[in-house]
Each structure stands twice: as structure tokens, then as C-alpha cells.
K.L.:
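I am attaching a structure below and will ask some questions about it afterwards.
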Amino acid sequence: MIESSALHDTRAAYDAVAGLYAELFSDVLTTLPLERAMLAAFAELVSAQGAGPVADLGCGPGHVTAHLDGLGVEAFGVDLSPEMVALAREAHPHLRFDEGSMTALDLADGVLGGILAYFSVIHTPPRDLPVVFAEFARVLAPGGHVLLGFFAGDDPVPQPFDHKVALAYRWAPDSIADLVRQAGFAEVARVQREPHDGERPFRQALLLARKACGEPVQIP
């Protein structure tokens, strides 16, 4: 089981800063060309597969969900924070936003064509991340894609840091890729970039993977 205290603390922290977070980050994609390019590739792959909608897990105020919608993807958002969900529904009333946890999604097996987890797995305790990735594999259709955003480091052991909102972890991209592979995914692509002015002084990474067909999910 995922430790409930970690979920509780993350939910409470984001509830407390939801309004400020939305104000600061709702238009951030306009300044991030590499991220937009990866999101566009993800949207194209999901649309070509035609296996189901995309869930934006940890959607916050819904700005990336809306971006996917603008790319022609059937997308909906899920967030742990009720305050974030309320802001997302207010800002994007034509889209669906639900409260929920990526550790136990209220979705049937194999119903999604894609999952976006854009800097939302960073708060998951490292020992619990395999469970999260197994849940991603459960709800994705065969051939479905997942796009992960995270803060990158060089140490193979995930490193905690003060995220200002809630405790977070930096991961070596190879370590994340290994966990994704163990959950039944094949890596498609990865991108890393150096931080921009005003960002935390860590590299940022995006990893795109595809659910393999017929391979069992493994939880170490």
C-alpha cells in the first residue's frame, strides 16, 4: 500500500497553494518549446493509436490538459488536490477534471490511450513508484503511451529535495527508465534540458514510453 501520510501531506500542501500555483504556472508552456514539442509528439502518437482518451495525472490547474485538448486529443485531468480540481474546472469548463490518486485510479483496465504525468510523480516516495507505474500499465490499453516529466539527477539513488510545496525527489533518467521497463513499458524517447533562469537549479527530463503488448507487469 502507498503510505497514506505521503498522499495526505501532498494533498494538503497543494490545496494551500493552489491559487498561487495557478497564477504562476498556467501559461508556463508558452516559454517551453522542448516541452511543447514532446507533448505534440505524444499527442500525435496517442491519436494515431486511437486506443482511448488521455489522462493527465496530477493535472494541477488544468493548463496542460487544455493544451492537449488544443492538440486534438481527448483529454481529462485527475488531481489529488480538491482545490486544484476546482480551479481547473473553473478555468476549463468544457473539460473533465476529477479528484483522485494515481496510486489507485478509478478507471477500468485498459481504457486509456495515454497517460501524462507531468512532474507529478516527483512527490511519490521512491519505494512506491513501482506501484504507481504498475497502475499506469493497468489502465493503459496495449500500445498506449505514457509521458513522464521529472527533475533529473546523476545519482542512481533518488535524491530528496525541498520542492517548496511538498517533499520531492530527483531521479537519474536511467533509473526511471528501468522502473518503467519493469512495469511493462518500452522506452521510446527521452529529452533533458538545463534549467532556465528562475527555475530550480536541476536538469529537467521528459521520458516517453509505450506499453508493450502481452508482457506482465512486474512490481519489484
Side-chain angles (χ1 to χ4, degrees), residues 21 24-79 88 92 95 102 112-124 129 132-133 136-137 139-141 143-154 158 163 168-181 183-212:
Y21 187 99
L24 291 175
F25 295 109
S26 287
D27 62 351
V28 70
L29 283 177
T30 62
T31 67
L32 301 175
L34 288 176
E35 284 81 348
R36 293 198 309 274
M38 283 293 280
L39 286 167
F42 171 69
E44 184 173 343
L45 288 167
V46 169
S47 297
Q49 183 72 15
V54 169
D56 179 7
L57 302 180
C59 65
H63 55 297
V64 187
T65 319
H67 184 78
L68 289 173
D69 177 69
L71 294 173
V73 174
E74 180 188 354
F76 67 96
V78 178
D79 202 274
H92 311 287
L95 297 177
M102 67 181 69
L112 297 180
I115 287 175
L116 174 66
Y118 188 71
F119 290 86
S120 53
V121 299
I122 63 172
H123 300 296
T124 303
L129 201 53
V132 170
F133 289 160
F136 288 4
V139 298
L140 271 175
H145 288 79
V146 59
L147 180 60
L148 304 170
F150 57 96
F151 292 103
D154 297 317
H163 179 265
Y169 299 87
R170 297 168 63 199
W171 283 84
D174 284 345
S175 297
I176 286 282
D178 284 344
L179 291 181
V180 166
R181 176 184 51 79
F185 293 89
E187 181 178 347
V188 175
R190 68 173 79 175
V191 169
Q192 291 190 71
R193 68 165 176 83
E194 296 300 317
H196 297 161
D197 290 344
E199 292 182 331
R200 292 177 182 83
F202 307 136
R203 296 195 313 277
Q204 298 192 17
L206 290 165
L207 188 145
L208 178 66
R210 181 178 183 270
K211 180 180 173 180

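Atoms considered below: every heavy atom in the structure, side chains included; atoms not considered: hydrogens, waters and symmetry mates.
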K.L.:
Taking side chain to side chain donor-acceptor pair (under 3.5 Å) as the definition, give me every residue that meets it alongside Q204, ordered by chain and number, with sequence neighbours left out.
P.N.:
R193, E199

K.L.:
How would you list, by chain and number, every residue that makes a ring pair (Phe, Tyr, Trp, His ring centres under 6.0 Å) with Y169, sequence neighbours excluded?
P.N.:
none

K.L.:
By salt bridge (Lys or Arg N to Asp or Glu O under 4.0 Å), which residues pair with R36, not counting sequence neighbours?
P.N.:
none

K.L.:
Can you list the steps and then say if H163 with F151 is a side-chain contact (heavy atoms from CB on, under 4.5 Å)?
P.N.:
CA-CA 10 Å; H163 179 265; F151 292 103; 4.3 Å; yes

K.L.:
Under the rule for salt bridge (Lys or Arg N to Asp or Glu O under 4.0 Å), what residues qualify as partners of E187, not counting sequence neighbours?
P.N.:
R190

K.L.:
By the side-chain hydrogen bond (donor to acceptor under 3.5 Å, both in side chains) test, which pairs, at least two apart or in different chains, include something from residues 52-65?
P.N.:
D56-T65

K.L.:
Counting N and O atoms only, with roles assigned by atom type, does the side chain of S47 sit under 3.5 Å from a partner on the main chain of A43, one being a donor and the other an acceptor?
P.N.:
yes

K.L.:
With sequence neighbours excluded, what pairs up with D27 under the side chain to side chain donor-acceptor pair (under 3.5 Å) test?
P.N.:
none

K.L.:
Donor-acceptor pair, T124 side chain versus L129 backbone, under 3.5 Å?
P.N.:
no

K.L.:
Identify the two heavy atoms, one from A205 and one from F119, that lie closest to each other, and give their separation to 0.1 Å.
P.N.:
O-CZ, 4.3 Å

K.L.:
Identify, with sequence neighbours excluded, every residue that meets side chain to side chain donor-acceptor pair (under 3.5 Å) alongside E44.
P.N.:
none

K.L.:
Is there a donor-acceptor pair closer than 3.5 Å between any side-chain N or O of D79 and the backbone N or O of G60?
P.N.:
yes

K.L.:
Kindly write out the residues that satisfy side chain to side chain contact (heavy atoms under 4.5 Å, CB included) with L45, not counting sequence neighbours, or none if the list is empty.
P.N.:
H145, L208

K.L.:
Using the test side chain to side chain contact (heavy atoms under 4.5 Å, CB included), find all partners of A51 that sit at least two apart in sequence or belong to another chain.
P.N.:
Q49, A141

K.L.:
Taking side chain to side chain donor-acceptor pair (under 3.5 Å) as the test, write out the residues that go with H92, two or more places apart.
P.N.:
none

K.L.:
Is the closest side-chain heavy-atom distance between R210 and V146 below 4.5 Å?
P.N.:
no

K.L.:
For F136, what residues pass the ring pair (Phe, Tyr, Trp, His ring centres under 6.0 Å) criterion, not counting sequence neighbours?
P.N.:
F133

K.L.:
So, do S26 and Y21 sit near enough that their side-chain heavy atoms are less than 4.5 Å apart?
P.N.:
no

K.L.:
How about L112 and V54: do any of their side-chain heavy atoms sit closer than 4.5 Å?
P.N.:
no

K.L.:
Do V139 and I115 have side chains that approach each other closer than 4.5 Å (heavy atoms only, starting at C-beta)?
P.N.:
yes

K.L.:
Listed by chain and number, what are the ring pair (Phe, Tyr, Trp, His ring centres under 6.0 Å) partners of F76, not counting sequence neighbours?
P.N.:
none

